[in-house]
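Accompanying notes for the structure given below.
By convention here, the first residue in the shown sequence is residue 1. Both backbone and side-chain heavy atoms feed into the values below; hydrogens, waters and symmetry mates do not.
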Amino acid sequence: MPCSAYIKKEKRMQITLSRRLERLAAYVTEGNRLADIGTDHAYLPIALVQAGRIPSAIAADVNEGPLLRADAHIRAAGLGNRIETRLSDGFSGIQPDETDTVMIAGMGGQLMKKILEGGAHCLASVSELVLQPQSEIGLVRGWLGKHGFCITDEDIVFEDGKYYPMFRAAHGSPEVVLNQAELSFGRAAIQRSPQVMLDFLERESQKNRRIMAGLSANESGQAARLRELEEVEAWIGQMHAAVSRRCKR
């Protein structure tokens, strides 16, 4: 009596993205090849390929440990033929014309600026950058404006008690030259989440004022710091007014 044959289907890992990663993923143009620099667990490229949004991706990281974890997740998702892992310090392991979208997220602005500066051999051929600096965001916005990129979209996400500003940039001359408030906080006119931005600005202002209250205008070192914070407070006020007008439309 012949035994019945069956094929056991391997269960593939499915990725559910956090709110922050979901919002970043939404910036990636459908059909583009992605390079995720500083990929960590590779959740974002896996989710985009699983959703059919992108055909392929490079998951790059400077550290071997995260890259091994990323490779394990990619294999568990059955996407080893679609997503390639690379040990790469920024763009060092990525060749020109290999990618259309570059994603860099979850690192400080100074490091992100350094990575972008080292990517000239690739950046000429990419169509978009999706960036989420954790700090010194004005450095990144300023670098983009000086190197032929225009910020086309701004967003901010509140998740797990933290605010995450992010933006998309493409080749082209900026419509306007950003003032210092816009370098620090983005353009109100292209902010997707104005109410979240207002909440962020109010929290930043409260934090700023607490620090200012503890400084003395009569001590030279503290006086210089106080002037810096007063300037930042003015930028926050400018941006708050601009975003408030956007909310009332």
Side-chain angles (χ1 to χ4, degrees), residues 2-107 111-112 115-116 118-119 121-134 153 155 157-160 162 164 166-170 192:
C3 61
S4 56
Y6 69 93
I7 299 174
K8 183 180 179 180
K9 292 185 178 179
E10 182 184 354
K11 188 175 181 180
R12 301 289 172 84
M13 181 178 74
Q14 291 291 320
I15 296 295
T16 301
L17 296 178
S18 66
R19 187 182 298 116
R20 175 181 72 95
L21 292 183
E22 272 186 349
R23 207 70 65 85
L24 286 168
Y27 273 139
V28 178
T29 298
E30 187 170 355
N32 276 10
R33 300 163 300 165
L34 174 69
D36 185 20
I37 296 177
T39 193
D40 198 20
H41 294 82
Y43 289 153
L44 199 145
I46 292 171
L48 283 168
V49 173
Q50 286 180 333
R53 289 277 310 284
I54 62 174
S56 62
I58 297 167
D61 207 287
V62 69
N63 296 309
E64 190 171 359
L67 206 62
L68 289 172
R69 289 196 298 271
D71 188 61
H73 293 150
I74 291 164
R75 285 187 284 106
L79 295 175
N81 62 332
R82 306 275 297 279
I83 304 174
E84 180 183 352
T85 58
R86 290 192 193 170
L87 191 64
S88 176
D89 185 359
F91 285 90
S92 66
I94 299 172
Q95 300 302 312
D97 299 315
E98 279 193 302
T99 180
D100 308 300
T101 300
V102 171
M103 174 84 65
I104 313 176
M107 63 184 70
L111 176 56
M112 189 173 291
I115 289 171
L116 290 168
H121 64 289
C122 291
L123 291 179
S125 61
V126 305
S127 61
E128 63 188 5
L129 304 174
V130 180
L131 307 174
Q132 187 258 301
Q134 297 282 72
D153 208 316
D155 206 347
V157 172
F158 182 70
E159 184 175 53
D160 297 331
K162 295 181 180 180
Y164 297 96
M166 58 188 70
F167 40 89
R168 177 190 178 275
R192 286 193 180 196

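- For Asp155, the side-chain hydrogen bond (donor to acceptor under 3.5 Å, both in side chains) test picks out Arg23, Ser193, with sequence neighbours left out.
- The closest side-chain heavy-atom distance from Leu116 to Leu129 is below 4.5 Å.
- The nearest pair of heavy atoms linking Thr99 to Ala35 is OG1-N, 3.2 Å.
- Between the side chain of Arg82 and the main chain of Gln50, no donor-acceptor pair closer than 3.5 Å is present.
- A distance of 11.0 Å separates CZ in Arg86 from CD1 in Ile37, rounded to the nearest 0.5 Å.
- The shortest non-hydrogen separation linking Pro45 to Ala57 is CB-CB, 3.8 Å.
- Within the model, atoms CD1 of Ile104 and CZ of Phe91 stand 4.5 Å from one another, a figure rounded to the nearest 0.5 Å.
- Counting heavy atoms from C-beta on, the side chains of Phe167 and Pro133 come closer than 4.5 Å.
- Interatomic distance, CG of Asp36 versus CD1 of Ile54, reported as 9.0 Å (0.5 Å rounding).
- With sequence neighbours excluded, no residue forms a side-chain contact (heavy atoms from CB on, under 4.5 Å) with Ala26.
- The backbone N or O of Ala59 lies less than 3.5 Å from no partner atom in the side chain of Thr85, so there is not a single donor-acceptor pair.
- Annotation: side chain of Ile94 is not in contact with side chain of Val102 (no heavy-atom distance under 4.5 Å).
- Rounding to the nearest 0.5 Å gives a distance of 10.0 Å between CG of Leu131 and CD1 of Ile115.
- For Glu22, there are no side-chain hydrogen bond (donor to acceptor under 3.5 Å, both in side chains) partners, not counting sequence neighbours.
- With sequence neighbours excluded, the residues satisfying side-chain contact (heavy atoms from CB on, under 4.5 Å) with Ser92 are Ser88, Asp89.
- Using a 4.5 Å heavy-atom cutoff, the side chains of Tyr27 and Arg192 are in contact.
- Checked against side-chain contact (heavy atoms from CB on, under 4.5 Å), Glu159 has the following partners two or more places apart in sequence or in another chain: Ser18, Arg19, Arg20, Val157, Tyr164.
- To the nearest 0.5 angstrom, Asp100 atom CG is 4.0 Å from Arg33 atom CZ.
- Residues passing the side-chain contact (heavy atoms from CB on, under 4.5 Å) test with Thr101 are Val28, Asn32, Leu34, Glu128, Val130, sequence neighbours excluded.
- Note that OG1 of Thr16 and CG of Leu21 are 11.5 Å apart. Values are rounded to the nearest 0.5 Å.
- Side chain of Glu84 to main chain of Ser56: no donor-acceptor pair is present (N/O by atom type, distance under 3.5 Å, no hydrogens or angles).
- Under the 4.5 Å side-chain criterion, counting only non-hydrogen atoms from C-beta, Ile83 is in contact with Val49.
- The salt bridge (Lys or Arg N to Asp or Glu O under 4.0 Å) pairs that include a residue from residues 45-71 are Asp40-Arg69, Asp71-Arg75, where partners are two or more places apart or lie in different chains.
- A ring pair (Phe, Tyr, Trp, His ring centres under 6.0 Å) check over residues 35-60, counting only residues at least two apart or in different chains, returns the pairs His41-Tyr43, His41-His73, Tyr43-His73.
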